[in-house]
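Reviewing the structure listed below.
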Amino acid sequence: WRRRQRRRRTCCSVVTLIAILTTTPSPPAFALSITTFNMLASVHRSMPSEDHSGTDGEDWRESDRIEWWKPRAEQVARFVADELSSSDVVLLQEWWTRPEFEDLFDSYTRHLFYR
């Protein structure tokens, strides 16, 4: 008998919850959109050792050579400018503070975002 009573309460709770969810108003027109994006900083990205092995078998980092990091940085900057510009706030994780990277990134996004 007790189990039946508990089940009834659960059913009533679910119905009440559904009713509450369906009667809530839609989000206000003044909602703020926030996007976060992890760029994987070049100083953290290893290059494959078979292609770019350093001395003593050490792996190189993408940040070691401009011809390795610049093409990907341009792709990421274009992606942010093209795909994320509709957001009110864009939070970029793993920002690389190398001046050449910042200049490149600014050249694609300066007209869209404040930094």
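The chain is numbered in sequence order, starting from 1.
In this structure, L104 and D106 have side chains that are not in contact, with every pair of non-hydrogen atoms separated by 4.5 Å or more.
Between the CD atom of Q93 and the OG1 atom of T36 there is a distance of 3.5 Å, given to the nearest 0.5 Å.
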Acceptor/donor pairs from residues 77-87 side chains to any protein atom, 3.5 angstrom cut, sequence neighbours excluded:
from : atom 1 : to   : atom 2 : distance (Å)
R78  : NH1    : Y108 : OH     : 3.3
S85  : OG     : A81  : O      : 3.1
S87  : OG     : T35  : OG1    : 2.4

Listed pairs under 3.5 Å, donor-acceptor, residues 39-46 side chains, sequence neighbours left out:
from : atom 1 : to  : atom 2 : distance (Å)
S42  : OG     : E62 : OE1    : 2.7
R45  : NH1    : E62 : OE2    : 2.5
S46  : OG     : R61 : NH1    : 2.7

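A single hydrophobic cluster is not seen to contain both F37 and V89; linkage of ILVMFWY side chains at heavy-atom distances under 4.5 Å, directly or through other members, places them apart. L112 and L92 fall within a single hydrophobic cluster, where Ile, Leu, Val, Met, Phe, Trp and Tyr are joined by side-chain heavy atoms under 4.5 Å apart, directly or via other members. Linking ILVMFWY residues whenever their side-chain heavy atoms come closer than 4.5 Å, directly or via other members, places V90 and F101 in the same cluster.
For W96 and F105, the ring centers are positioned 6.0 Å apart or more.
Side-chain contact annotation: T97 with E102, donor-acceptor N/O pair under 3.5 Å absent.
Side chain of D88 to backbone of S33: a donor-acceptor contact under 3.5 angstrom is found.
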